[in-house]
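Okay, so here's the structure we're looking at.
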Amino acid sequence: MITSSLSNHILTLTIDRPTAKNALNLDMYQNLAQQLERAKNDDISVVIITGNSDIFCSGNDIEDFIQLAQADDTQAQKNREIIERFMFAMIDCPVPIIAAVSGAAIGIGMTLLQHCDFIFATPNTVFTLPFVKLGLCPEFGSSLLLPQLIGERKAKAMLLLGEELSVEEALSLGFINQITVQPEQRAAHYANTLTALPKEALQHTKKLLSDNSRQQLIDCIYKENDLIFKLIKRSEATCALSRFKGKKSHT
């Protein structure tokens, strides 16, 4: 589930599904989208995203992936619309988004971070993108954004081989702002600082920073999702997902 709280114009969204290692399912995507869209209308100046466990997010729910592989075209389209609503709610969020990350950020747990404005992570945080291992391809604009954020060589190692990005590498490459044992406190400090700034100037500045590349990003997301929804029907993906589900059931 996604829990939310609003205080001092700061909306905090917590990924709270510890029994599934904070994996995101369709209901959670829908809830995140609804909460992020509040920033367009409600009196919200900053959004904080965090995880309520020793893992930030273990990726997309594997059961959802398996059901998607078996879904007919109508149901698959509905599921895709839910996921894309969340994606566009993130990239179109008018206020700064801060992530407080503890433990692993896997798959969507890492790709959503590409769309955050500030990231604070614990010393034990690792970032992984196992798409190819699951018979799938990059998501959420990561084939476009990740090389820009961490460099082409490391991005290829992550996206093609599933190589981990350590928290130290993430800091040195500029993917995160700071390593800290208390990411929630650092996020709260930044959020309070941002809230005290002129809101209109802050939002216009964020929009200017993203406007020039927005259409390219949207085109990339649609292209990636087209491929994902094709690949997930292929035997390579269904076999890989079934194997992964089997491993999880024994851990």
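Keep in mind the model is a prediction, meaning the values are calculated, not measured. Heavy atoms only: backbone and side chains are in, while hydrogens, waters and symmetry mates are out.
Put simply, the side chain of Asn177 never gets that close to the backbone of Phe120: no donor and acceptor are under 3.5 Å apart. Between the side chain of Ser58 and the backbone N or O of Lys21 there is at least one donor-acceptor pair closer than 3.5 Å. Of the possible polar contacts, one joining the Ser166 side chain to the Glu169 backbone as a donor-acceptor pair under 3.5 Å is found.
For Phe127 and Phe56, the ring centers sit 6.0 Å or farther from each other. A distance below 6.0 Å separates the ring centres of Phe88 and Tyr222.
Sorted pairs that involve residues 94-106 and meet side-chain hydrogen bond (donor to acceptor under 3.5 Å, both in side chains), not counting sequence neighbours, are lacking altogether.
At a threshold of 4.5 Å between side-chain heavy atoms, the hydrophobic network of Ile, Leu, Val, Met, Phe, Trp and Tyr places Leu112 and Ile55 in two separate groups. Placement of Val132 and Leu241 in two distinct hydrophobic clusters is found when ILVMFWY residues are connected by side-chain heavy-atom separations under 4.5 Å, directly or transitively. Under the 4.5 Å side-chain heavy-atom criterion for Ile, Leu, Val, Met, Phe, Trp and Tyr, Leu173 and Leu161 are members of distinct hydrophobic clusters. Ile179 and Ile98 sit in two unconnected hydrophobic clusters of ILVMFWY residues. Membership requires side-chain heavy atoms under 4.5 Å apart, directly or through other members. Hydrophobic clustering (side-chain heavy atoms under 4.5 Å, transitive across Ile, Leu, Val, Met, Phe, Trp, Tyr) groups Ile176 together with Ile15.
Screening Asn22, Asn52, Asp27, Asp61 against Arg17 for a side-chain hydrogen bond (donor to acceptor under 3.5 Å, both in side chains) leaves a single residue, Asp61.
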Pair Glu152-Lys156, salt bridge (Lys or Arg N to Asp or Glu O under 4.0 Å): steps then yes or no: CA-CA 6 Å; Glu152 186 173 344; Lys156 284 183 176 179; 3.0 Å; yes
Can you list, pair by pair, the side-chain donor-acceptor contacts under 3.5 Å of residues 225-232, counting residues two or more places apart and other chains?
unit_1 : atom_1 : unit_2 : atom_2 : d
Asn225 : ND2    : Glu84  : OE2    : 3.0
Asp226 : OD1    : Arg80  : NH1    : 2.8
Asp226 : OD1    : Arg80  : NH2    : 2.9

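When all heavy atoms of Thr50 and Ala100 are compared, the pair lying nearest together is OG1-O, 3.0 Å. Residue Leu146 comes nearest to Met110 through the heavy atom pair CD1-CE, 3.8 Å, listed as atom of the first residue, atom of the second, then distance. Closest of all the heavy-atom pairs between Leu36 and Val47 is CD2-CG1, 4.1 Å. In this structure, Glu168 and Pro123 approach most closely via the heavy-atom pair OE2-O, 4.4 Å. Among all heavy-atom pairs drawn from Ala39 and Cys93, the shortest one is CB-SG, 4.0 Å. Across all non-hydrogen atoms, the minimal contact from Leu217 to Gly141 is CD1-CA, 3.9 Å.
Inspection of the Thr14 and Asp16 side chains reveals no N or O donor paired with an N or O acceptor under 3.5 Å. In this model, a donor atom of one side chain and an acceptor atom of the other lie less than 3.5 Å apart for Gln77 and Glu81. Looking only at atom types and distance, the side chain of Gln215 has a donor-acceptor partner in the side chain of Asp219 under 3.5 Å away. Between Ser235 and Thr238, the side chains place no donor N or O within less than 3.5 Å of an acceptor N or O (distance only, hydrogens not considered).
For the atom pair CG of Asn25 and CD1 of Ile2, the computed distance is 8.5 Å after rounding to the nearest 0.5 Å. Here the CD1 atom belonging to Ile48 is positioned 9.0 Å from the CD atom belonging to Glu184, to the nearest 0.5 angstrom.
In this structure, Ile83 and Leu26 have side chains that are in contact, with non-hydrogen atoms separated by less than 4.5 Å. Side-chain contact check for Met90 versus Cys116: some heavy-atom pair is nearer than 4.5 Å.
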